[in-house]
Amino acid sequence: GAVVSQHPSRVICKSGTSVKIECRSLDFQATTMFWYRQFPKKSLMLMATSNEGSKATYEQGVEKDKFLINHASLTLSTLTVTSAHPEDSSFYICSARDTGSGANVLTFGAGSRLTVL
Amino acid sequence: GQQLNQSPQSMFIQEGEDVSMNCTSSSIFNTWLWYKQDPGEGPVLLIALYKAGELTSNGRLTAQFGITRKDSFLNISASIPSDVGIYFCAGIGHSGTYKYIFGTGTRLKVLA
């Protein structure tokens with residue numbers, strides 16, 4: 001089945017630094033990927049839709065300059081948390097749809113836990 | 001953001017018992033999905049439902065897409081310890097954008 005890989009799985013950084021999280025679709029192409037944020041014991045909240053070759057679409061209330069998204073190829077989307085602060089600490093999860101499968105479901109990555117000191 | 005209401009929020013059950021949880025919305029959805037999330041991991045798809053009234057099974061799991069298209073339930077039969085985790089429903093509306101709306105989650109704990 002479709003597999004989505006996220007890297008790194010855990011990252012700790014100092015306040016003020018930027019952190020990049022990668023989301024890769026393995027063995028399938030994904031023109032669209034999605035980035036979510038999840039707080040402890042809470043549900044997944046969609047942050048943005050990442051579109052290959054074009055600008056990402058951000059959900060209301062999500063700062064596009066804080067969370068930079070780049071989808072430069074059909075298998076890779078990156079989320080960069082710029083000038084990270086402790087309140088950005090969270091579990092970030094990406095998902096992708098196998099556009100060639102015809103299936104109407106998304107496959108999720110294993111998540112990346114960001115801790116900002 | 002918009003969310004689906006899931007109930008119960010959490011439950012403790014004895015191993016071997018059946019479990020039922022549901023998901024409701026004020027909006028119509030064209031697709032309902034059920035995912036399970038283990039601690040520190042991403043959600044894994046359990047069952048996808050595409051038609052109102054559809055009843056689908058996956059091993060010990062059974063899920064139904066409500067006739068009104070505003071609800072869905074998930075049943076787990078003969079629960080085992082590895083069923084522990086958080087179960088999320090998710091809905092996709094008319095837009096076909098694959099933007100999931102997630103439920104609030106049901107946390108399941110199975111007592112051996």
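Note on naming: letters A, B, ... go to the chains in the order of the sequence lines (proteins, then strands), and numbering restarts at 1 for each one. Predicted, not measured: the structure shown is a model, and the values here were computed from it.
Distance alone, capped at 3.5 Å, is enough to place a donor-acceptor pair between the S43(A) side chain and the G103(B) backbone. Of the possible donor and acceptor atoms, one in the side chain of Y100(B) sits under 3.5 Å from a partner among the backbone N and O of L106(A).
Looking only at heavy-atom pairs under 4.5 Å with chain A, the residue among P43(B), A90(B), G42(B), P39(B) that has the most is P43(B). Listed options E59(A), K42(A), Q60(A) were ranked by heavy-atom pairs under 4.5 angstrom with chain B; first place goes to E59(A). Between chain B and the residues Q38(A), R10(A), Q6(A), the largest count of heavy-atom pairs under 4.5 Å involves Q38(A).
Hydrophobic clustering keeps F34(A) apart from F67(A) (ILVMFWY residues linked when any side-chain heavy atoms are closer than 4.5 Å, directly or through intermediates). F73(B) and L61(B) are members of different hydrophobic clusters when ILVMFWY side chains are connected at heavy-atom separations under 4.5 Å. When the side chains of ILVMFWY residues are joined at heavy-atom separations under 4.5 Å, either directly or via intervening members, L46(B) and V84(B) end up in a single hydrophobic cluster. L114(A) and L68(A) sit in two unconnected hydrophobic clusters of ILVMFWY residues. Membership requires side-chain heavy atoms under 4.5 Å apart, directly or through other members. Follow the hydrophobic side-chain contacts under 4.5 Å out from Y87(B) and you reach M11(B) in the same cluster.
Here the side chains of Q37(B) and I93(A) are in contact, with some heavy-atom distance below 4.5 Å.
The 12-atom threshold is not exceeded at NZ of K51(B), counting heavy atoms of other residues, nucleotides or ligands nearer than 6.0 Å. Shown here is E15(B), whose CD atom has more than 12 heavy atoms of other residues, nucleotides or ligands within 6.0 Å.
Interface remark: T104(B) contributes backbone atoms only to the contact with chain A (heavy atom separation under 4.5 Å).
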Could you walk me through whether F102(B) and F108(A) pass the ring-ring contact (aromatic ring centres under 6.0 Å, His included) check?
CA-CA 13 Å; F102(B) 274 91; F108(A) 287 79; 5.8 Å; yes
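To the nearest 0.5 Å, atom NZ of residue K99(B) and atom OG of residue S95(A) are 12.0 Å apart.
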